[in-house]
> 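Questions regarding the structure given below will be posed in turn.
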There are 2 protein chains.
Amino acid sequence: MATSTPQTAPGGGLRERKKQRTRDALIRAALELFTEQGYEETTVDEIAEAVDVSQRTYFRYFANKEDVAFAVQEMVEARFLDELTARPASEDPLTALRSAVLVAWDDIGSAIASVVPVELHMRTYRMIESTPTLVASHLRRSSELEERIAGLIARREGLDVDADPRPRVLVAAFCGVMRVAGKVWGEGPDCSVESIRELTQSYLDHIQPAIGGDWRSAR
Amino acid sequence: MATSTPQTAPGGGLRERKKQRTRDALIRAALELFTEQGYEETTVDEIAEAVDVSQRTYFRYFANKEDVAFAVQEMVEARFLDELTARPASEDPLTALRSAVLVAWDDIGSAIASVVPVELHMRTYRMIESTPTLVASHLRRSSELEERIAGLIARREGLDVDADPRPRVLVAAFCGVMRVAGKVWGEGPDCSVESIRELTQSYLDHIQPAIGGDWRSAR
DNA sequence: GAGGCTAATGTCAGCGACTGACAATTGACA
DNA sequence: TGTCAATTGTCAGTCGCTGACATTAGCCTC
C-alpha cells in the first residue's frame, strides 16, 4: 500500500533492488528450464529471453552457463561455514563438522525460500548430479570449499594446514563421504529435505567404523 | 631391421597402426602445447595442425578438448584397477587400496613411456591441477573411478554396494586423501615420480589416526 | 526539476568448441 | 584389379562467451 516501502533487508536505491530482482529472476528461470528440459538442452538465450533481458546481460550476472545452477548452493555453503565457525572448541573436529552440516540442513528451507521454492532447489540438486558437466563443476566447487574448511579446522585445533596433514586429510575424508551421501540420495526415490538429512547423518555415522578395520566382525 | 615386424602388442593391419600413431601424436602434441603455453591458450586447431590433420579428425579421436589431457591418466588408472583386483583377499580393504596405489606408481614409468616421456606426463599432471576447467573434469573422472573401486572392494568383502554403505564410504575417504596428496604435490617444488609416491604413502599413513579422534595427545 | 554523472543494458561483430552431412581418400580383401 | 568399408577432409552452422561501443535509466546536485 505504501508508495514505496523497500521491504525488510534490501539495501538502498531502486537500482540495487532492480538488480537483485533480475538476478533472482534469472536464477528461477534458469533452474526451471534446466530441470524441465535438461541443462544441455537449454540455451543461455532461452534463459535471457524468459527474463526478457539480452544474452549479454545474463553474462554480466553470471560468468558462464554453469554458475547460475549453483547460485543457491552458494548460500547453503555460506550457512554451513558460519555454523562451523560457531561450533564450540570443545567438540572434536569430526563432531564439529557433523553438527555444522546437520544444522545447515535444518534451516536451509527458510534461508533459500526467498529466492526459489525449496522443491525447485531439490530438483536442481538432482539435475546437477545427473548432468556430467555440472557434476564436474560441482566437484571443483566442493574442492575449493574443502580447502576453506580445512583452514577452519586447522585454526580450531591450533595447527598449520601446510605443516600438519591431518586437517586436510580429515576434511577430505569427510567431504568424500558427504558427496557419496548426496549422490546416493540423488539416485533414490525420496527427494525431500528430510531424507537427505537422514542419509547424511547415517553415512557420517559409518565413517569411523568403516575406516577402523575388521568389517567382518563388526557387522 | 625387419621389413615390418609390428612390434609386440599392436593388433593387425596397417590401418590399426596408423590410427594408433595419429592418436599418440595427437596426445603428445596436445600435452606439449598445453604445458608450454597453457590449456586455455591452446586451440584445438593448433593441436590438429601440429599433427597435420583436420580439426574434425581430432574430434573423431577425442570427444572434446579436455579428454586428450587425460589420455595417459586413463592408462594409469587401468593399471591401478588391475592391481587392486589382484590383491590377496587376506588384506583388509584399506591395505589393499594402499598397496595397489603404490604398486601402480612403481611401474608407471615403463607403462606410459611408450606414448609420452614420463617427464611430460608429470608436467601435465601439474598443469591439470592448475587449470580450473581441467580440475573439474579431473574430479569428475575420479568420482567415476571411485564408483568402480567401491564395486571391487564390495566384491572382495562379499558385500552389496547399495545395501552396505561402508565400501563407498571407505573409498570416498581414501580417494579424498589421494586427491589432497596429488594436489599438495602439484604445488610443491619436487616433480619427480618418487616424491609423489612418498607423499602419497605418508598421507595414507595419516588417514586412520586423523579420523581416530584425539589429535592433541597423539601428535 | 533540469542537467550532468555513472551504472546497467542492448547491439553487434567475432573467436573457439563442437556437430552433422557429404564428398574424397585409402586400407582391406576377394 | 575392383569393390567395399573405414578414415579423413571440407563446409556450414549452433552455442558459449567476450570486447567495444552506443543507449538507457537511476542518482545526485544545484
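No hydrogens, no waters, no symmetry mates; every other heavy atom, side chains included, goes into these values. Each chain gets a letter, A, B and so on, in the order its sequence line appears, and its residues count up from 1. Since we're looking at a predicted model, the values are computed, not measured.
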> Looking across every strand, which nucleic acid part, if any, lies under 4.0 Å from A:T42 by heavy atom: base, sugar-phosphate, or nothing?
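The residue A:T42 makes sugar-phosphate contact but no base contact.
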> Nearest-Å distance, CG (A:D45) to C1' (D:dT14)?
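About 10 Å, once rounded to whole Å.
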> Calculate the interatomic distance between A:R21 atom CZ and C:dA8 atom P; express it in whole Å.
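Nearest whole value for this atom pair: 14 Å.
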> Could you pull out all donor-acceptor pairs under 3.5 Å where a side-chain atom in residues 169-187 of chain B meets a protein atom, sequence neighbours excluded?
unit_1	atom_1	unit_2	atom_2	d
B:K183	NZ	A:E147	OE1	3.3
B:W185	NE1	B:D190	O	3.1
B:W185	NE1	B:S195	OG	2.7

> Output the rounded distance in Å from OH (B:Y39) to P (C:dA17).
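Interatomic distance, OH of B:Y39 to P of C:dA17: 8 Å.
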> Below 4.0 angstrom from OP1 or OP2 of C:dG16, is there any side-chain N or O of B:T43?
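Looking at the OP1 and OP2 atoms of C:dG16, neither is under 4.0 Å from any side-chain N or O of B:T43.
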> Can you spot which of B:E74, B:E66, B:E146 makes a salt bridge (charged side-chain N to carboxylate O under 4.0 Å, His left out) with B:R141?
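Exactly one candidate clears the test, B:E74.
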> Could you check whether the rings of B:H138 and B:Y125 sit parallel, tilted or perpendicular, using 30° and 60° as the cut-offs?
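Taking B:Y125 first and then B:H138, their aromatic rings stand perpendicular (interplane angle over 60°).
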> With a 4.5 Å cut-off on side-chain heavy atoms, are B:Y39 and B:L33 touching?
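They are not in contact (no side-chain heavy atoms under 4.5 Å apart), so the answer is no.
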> Whether B:T57 contacts D:dT8 is assessed here as follows: a side-chain N or O lying under 4.0 Å from the phosphate OP1 or OP2. Is that the case?
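Checking D:dT8 against B:T57, no side-chain N or O comes under 4.0 Å of OP1 or OP2.
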> Using modelled atom types only, decide if a donor and an acceptor are shared between the side chain of B:S202 and the backbone of B:E198 within a distance under 3.5 Å.
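Not confirmed, B:S202 side chain does not pair with B:E198 backbone.
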> Apply side chain to side chain contact (heavy atoms under 4.5 Å, CB included) to B:V76 and list each qualifying residue two or more places apart in sequence or on a separate chain.
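B:I108, B:I112, B:H121.
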> Whole angstroms only, please: what is the CD1-P distance between B:I47 and C:dG16?
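For the pair B:I47 CD1 and C:dG16 P, the rounded distance is 13 Å.
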> Could you tell me how far apart A:R17 (CZ) and C:dA8 (P) are, to the nearest whole angstrom?
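Rounded to whole Å, this separation is 15 Å.
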> Distance to the ring centre below 6.0 angstrom and angle to the axis at most 45 degrees; does that hold for B:K65 and B:Y58?
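No, B:K65 and B:Y58 do not form such a contact.
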> Can you tell me how far P of D:dG16 sits from CG of A:D67, to the nearest Å?
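These atoms are roughly 14 Å apart.
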> For nucleotides 17-30 of chain D, give me one character per nucleotide, 5' to 3': B if any protein heavy atom sits under 4.0 Å from the base, S if the only such contacts are to the sugar-phosphate, - if neither.
BBBB----BBS---
> In whole Å, what is the span from the CZ atom of B:R23 to the P atom of D:dT8?
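B:R23 atom CZ is separated from D:dT8 atom P by 12 Å.
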> Would one find a side-chain N or O of A:Y61 under 4.0 angstrom from OP1 or OP2 of C:dA8?
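So the side chain of A:Y61 is outside the cut-off, no N or O lying under 4.0 Å from OP1 or OP2 of C:dA8.
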